[in-house]
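Residues take their numbers from the sequence shown, with the count starting at 1. As the structure lists them, so they are numbered: ligands from 1, and atoms in each ligand from 1.
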Amino acid sequence: MGGAGRFGGRERSRGGQLTRVALVTGGTSGIGAATAEALQSAGYRVAVNYGSRSQVAEAFTARTGIAAFAWNVADAPACTAGVARVEAALGPVEVLVNNAGITRDAMLHKMSFEQWKEVLDVNLGGCFNMCRAIIGGMRERRFGRIVNIGSVNGLSGQLGQTNYAATKAGLIGFTKSLALEGASRNITANVVAPGYTDTAMVEAVDSEVMARILASIPAGRLATPAEIARSVVFLASDDAGFITGTTLSINGGKYMA
Ligand code: CAA
């Protein structure tokens, strides 16, 4: 069967449900990997994008069978070309999870312009570039699910993260606007805002600083990546078709917006 499949990019799975194609950026580790695997378990045909760590990507594909495609989400033409590669391999992308994100933490009085711009370009620019690359097809097919991964720190603010928090807060306004644009075409856009989660990103935080942060989480623990992934699967599902423009916080009570 060709890339597009017999059902406008979907094929019948064993249960008779339409099997959709999902693409997760930054999908070979952490929350992205957990999300890709959860979507696969739910019956989606999944592709992941990654930036540069090809060994991590190869290990991920070997373990899960999920195809991984390299490009920089901060590079708009690379996103267009990357989506075309994914669609040639799997069919039209119907579920997009913008998960790729980086931190360059520093107090503002020590933050360089490069630290500011790098985080803006990947976290917020990457979301624009990816959505811009897929939205035309979703509008034509009159179906789409976009889930943007935000952060508790985009809601609460976080010392040392003026750059990161600005992008994660920015994603919320972006998502609400896209939700308005897509609603009449059955395209939903939502944010999942994780709290501190057991990933390499959080592991990189200084241990003394981390102990203070942990003490501020009412649940007394980090989230697991799987706990975040489950909510993405729900928002991607047909059952969530009337949920759009919302921000779902999953943070153990750290911040209640
Ligand atoms: N709460 C309250 N006060 C804090 C604090 C916290 N979480 N972290 C640091 N401080 C205080 C310090 O005690 C210090 O106070 P004084 O000036 O009175 O001594 C002041 O803030 C500056 O802190 P540092 O000495 O640590 O300053 P630094 O320049 O060496 O480091 C920093 C600054 C790199 C931002 C460091 O504080 C840090 O790594 N903070 C953690 C930032 C963070 O939470 N990042 C999250 C990464 S994971 C992620 O982003 C995923 C997600 O979505 C949740």
Side-chain angles (χ1 to χ4, degrees), residues 24-36 38 49-51 53 56 73-74 97-128 130 146-175 190-232 235 246-257:
V24 183
T25 67
T28 59
S29 64
I31 291 171
T35 300
N49 145 273
Y50 67 98
R53 292 183 302 157
V56 174
V73 295
V97 183
N98 285 303
N99 167 75
I102 59 170
T103 55
R104 296 289 181 266
D105 293 354
M107 307 282 275
L108 184 65
H109 61 275
K110 296 181 192 169
M111 188 179 288
S112 67
F113 178 71
E114 285 69 32
Q115 286 174 314
W116 166 258
K117 187 166 167 13
E118 219 181 324
V119 172
L120 266 284
D121 287 351
V122 173
N123 297 11
L124 198 50
C127 176
F128 167 81
M130 289 302 301
I146 296 168
V147 182
N148 295 324
I149 305 300
S151 166
V152 62
N153 292 345
L155 297 163
S156 66
Q158 168 60 38
L159 180 150
Q161 291 201 307
T162 50
N163 50 4
Y164 183 85
T167 64
K168 296 300 186 178
L171 284 179
I172 294 173
F174 178 99
T175 304
N190 291 289
V191 172
V192 167
Y196 283 78
T197 306
D198 189 6
T199 64
M201 183 182 271
V202 166
E203 212 173 290
V205 176
D206 173 84
S207 56
E208 264 179 46
V209 173
M210 202 54 227
R212 259 195 312 243
I213 291 170
L214 210 48
S216 74
I217 302 172
R221 66 172 178 87
L222 301 176
T224 66
E227 283 175 315
I228 310 303
R230 277 195 283 277
S231 71
V232 180
L235 289 171
T246 197
T247 297
L248 177 57
S249 284
I250 308 174
N251 62 34
K254 180 163 170 55
Y255 186 79
M256 302 181 196

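Using a 4.0 Å cut-off between heavy atoms, Ile213 contacts ligand 1 through its side chain alone, with no backbone atom that close. Under 4.0 angstrom from ligand 1, the non-hydrogen atoms of Gln161 all belong to its side chain.
Protein heavy atoms are found less than 4.0 angstrom from atom 12 (C) of ligand 1. Under the 4.0 angstrom criterion, atom 41 (C) of ligand 1 counts as having a protein heavy-atom contact. In this structure, atom 19 (O) of ligand 1 is not in close contact with the protein, since no protein heavy atom lies within 4.0 Å of it. Proximity of atom 31 (O) of ligand 1 to the protein is not indicated, since no non-hydrogen protein atom lies closer than 4.0 angstrom. Atom 53 (O) of ligand 1 lies below 4.0 Å from at least one non-hydrogen atom of the protein. For atom 24 (P) of ligand 1, the nearest protein heavy atom lies 4.0 Å or farther away. Closer than 4.0 Å to atom 45 (N) of ligand 1 lies at least one heavy atom of the protein. Protein heavy atoms come within 4.0 Å of atom 48 (S) of ligand 1.
The shortest distance between side-chain heavy atoms of Leu159 and Asp105 does not fall below 4.5 Å. No side-chain heavy atom of Ile228 sits under 4.5 Å from any side-chain heavy atom of Thr35. Val73 places none of its side-chain heavy atoms less than 4.5 Å from the side chain of Asn98. The side-chain heavy atoms of Thr103 and Val119, taken from C-beta on, include no pair separated by under 4.5 Å. Looking at Ser249 and Met256, their side chains never come closer than 4.5 Å, going by heavy atoms from C-beta outward.
Side-chain polar atoms of Tyr196 and Asn153 form a donor-acceptor pair below 3.5 angstrom.
By heavy-atom distance, the residue among Leu159, Asn251, Thr199 lying nearest atom 21 (O) of ligand 1 is Leu159. Of the options Ile149, Ile102, Val205, Asp105, the smallest heavy-atom separation from atom 34 (C) of ligand 1 is shown by Asp105. Scanning Leu222, Thr162, Val209 for the heavy atom closest to atom 38 (C) of ligand 1 points to Val209.
To the nearest 0.5 Å, the span separating CZ on Arg230 from OG1 on Thr224 amounts to 6.0 Å. In this structure, Met111 CE and Asn163 CG are separated by 3.5 Å, a value rounded to the nearest 0.5 Å. The distance from atom SG of Cys127 to atom CD1 of Ile146, rounded to the nearest 0.5 Å, is 8.0 Å. To the nearest 0.5 Å, atom OG1 of residue Thr197 and atom CD1 of residue Ile31 are 4.0 Å apart. Glu118 CD to Thr167 OG1: the interatomic distance, rounded to the nearest 0.5 Å, is 12.0 Å.
Contact between Asn148 and Thr175 at its shortest, heavy atoms only, is ND2-OG1, 2.9 Å. Contact between Ala36 and Gly27 at its shortest, heavy atoms only, is CB-O, 4.3 Å. Residue Gly101 comes nearest to Asn123 through the heavy atom pair CA-OD1, 3.2 Å, listed as atom of the first residue, atom of the second, then distance.
Taking 4.0 Å as the cut-off, Asp206 does not count as a neighbour of ligand 1 on heavy-atom distance.
Nearest protein neighbour of atom 5 (C) of ligand 1, counting heavy atoms only, is Arg212 NH2, 3.6 Å. Of the protein's heavy atoms, Lys110 NZ, 2.8 Å lies nearest to atom 29 (O) of ligand 1. Among protein heavy atoms, the minimum distance from atom 33 (C) of ligand 1 is reached at Met107 CG, 4.1 Å.
Taking every heavy atom of Gly160 and a limit of under 4.0 angstrom, the matching atoms of ligand 1 come to 35 (C). Residue-ligand proximity, Val202 to ligand 1, at heavy-atom distances under 4.0 Å covers atoms 48 (S). The ligand atoms of ligand 1 that sit less than 4.0 angstrom from a heavy atom of Asn153 are 54 (C). Of all the atoms in ligand 1, the ones that sit under 4.0 Å from a non-hydrogen atom of Gln158 are 7 (N), 42 (C), 43 (C), 44 (O). Heavy-atom contacts of Ser151 reach the following atoms of ligand 1: 52 (C), 53 (O), 54 (C) (cutoff under 4.0 Å). Residue contact check: Thr103 has heavy atoms under 4.0 Å from atoms 50 (O) of ligand 1.
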